[in-house]
Amino acid sequence: MGEPLTSQPMPRGLALGSESIFSPVSPFAASIAHLFHVTLVVCAVIGIGVTAAIAYSLVAFRARGDGREPPQRNGNFKLEVFWTAVPIAIVTWLLAMSIDTMTRADPPANRAPDLIVVAHQWWWEVRYRSGVLTANEIHIPMGVPLLVRLESADVIHDFWIPQLARKMDAIPGHPNFLWISADAPGSYGGTCAEYCGAQHAWMRLLVIAQQPSDFDAWQAEQLAPASVPLAEAATRGERTFRDEACGGCHAISGRGFEGRVAPDLTHLASRSTLGAGATDYTRKDLTTWLRDPQVIKPGCHMPDFKLSDAKVDDLVAYLEELR
Ligand code: CUA
């Protein structure tokens, strides 16, 4: 009977968007799913055929207890040509399909990227050509293929949104490119698919595909700087934010905070998750996070500032205004 490690809530796992490779929502992901299904069927037929041949041989040529060998045969030219040619034909066909899928799933990066995604331990920085800066949540207009330039700020990560695109490594010093798109509006879950340290598992992201007009509205909101805090608690919260040097890591546009090593908080309260998917974004979770981020995400680079409850409440009031 172990003692619970903590009395505070642990990450409960997010119901992010759906994220099955079996329900692709873009031509890129669909081409990969198609190749998988064809290969699965071909291999299943071969597997069943080989198993049946082995089972037949075990029975037909079993020892019969009379001490005699079954009749021996040496070489069969026709059979050998058949079982050499057919596998070569199958493998060549699968190779041709694979090459075709690679060109469909990974078209060349032939123009300036629409967004730059920078992987960090353990969150995703997202920069749009329009100037929008966000984290862990990528809004896209549905039906429009977007070119992503993928970078890493520290170690190797891997950017994967199973329903929308192939996987792609984020490698320090070596930008990679990939295309994403969504044929239907909705929320699509993504994840880091390369072990990158303690919180690799909580390096999730959410892609929200919207009607182009909704996307434009979102983008306009995100471009607006934060305004002067309204509530009294929020004003105190901003002072705490400044006094505790939160701005050394986090940026809040328009308020003089320009840190670039942690998520931009200008529109934090418009997001649906905290800690790169470790928990939902709610007032309660934000409070838990600020009391001690290490409870929700042990090992993350935001330390426990040992803030008083009053300071935490003020900070929450401030951050809640950042819509
Ligand atoms: Cu980043 Cu695993």
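In listed order, ligands and their atoms are each counted from 1.
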N, O or S atom within Glu194 nearest to atom 2 (Cu) of ligand 1, by name: O
Angle, SG of Cys192 through atom 1 (Cu) of ligand 1 to SG of Cys196 - 10° precision: 110°
Heavy-atom side-chain proximity of Asp154 to His120 below 4.5 angstrom: yes
Step-by-step side chain to side chain donor-acceptor pair (under 3.5 Å) determination, His139 to Gln219: CA-CA 8 Å; His139 288 241; Gln219 192 155 248; over 6 Å; no
Any N, O or S atom of Gln121 closer than 2.8 Å to atom 1 (Cu) of ligand 1: no
Geometric class of the Tyr128/Phe215 ring pair [parallel <30°, tilted 30-60°, perpendicular >60°]: tilted
Short N/O/S contact of His200 with atom 1 (Cu) of ligand 1 (below 2.8 Å): no
His157 atom (N/O/S) at minimal separation from atom 1 (Cu) of ligand 1: ND1
Between Tyr195 and His200, ring centroids under 6.0 Å: yes
Heavy-atom closest contact (Gln199 atom, Pro298 atom, distance): NE2-O, 2.7 Å
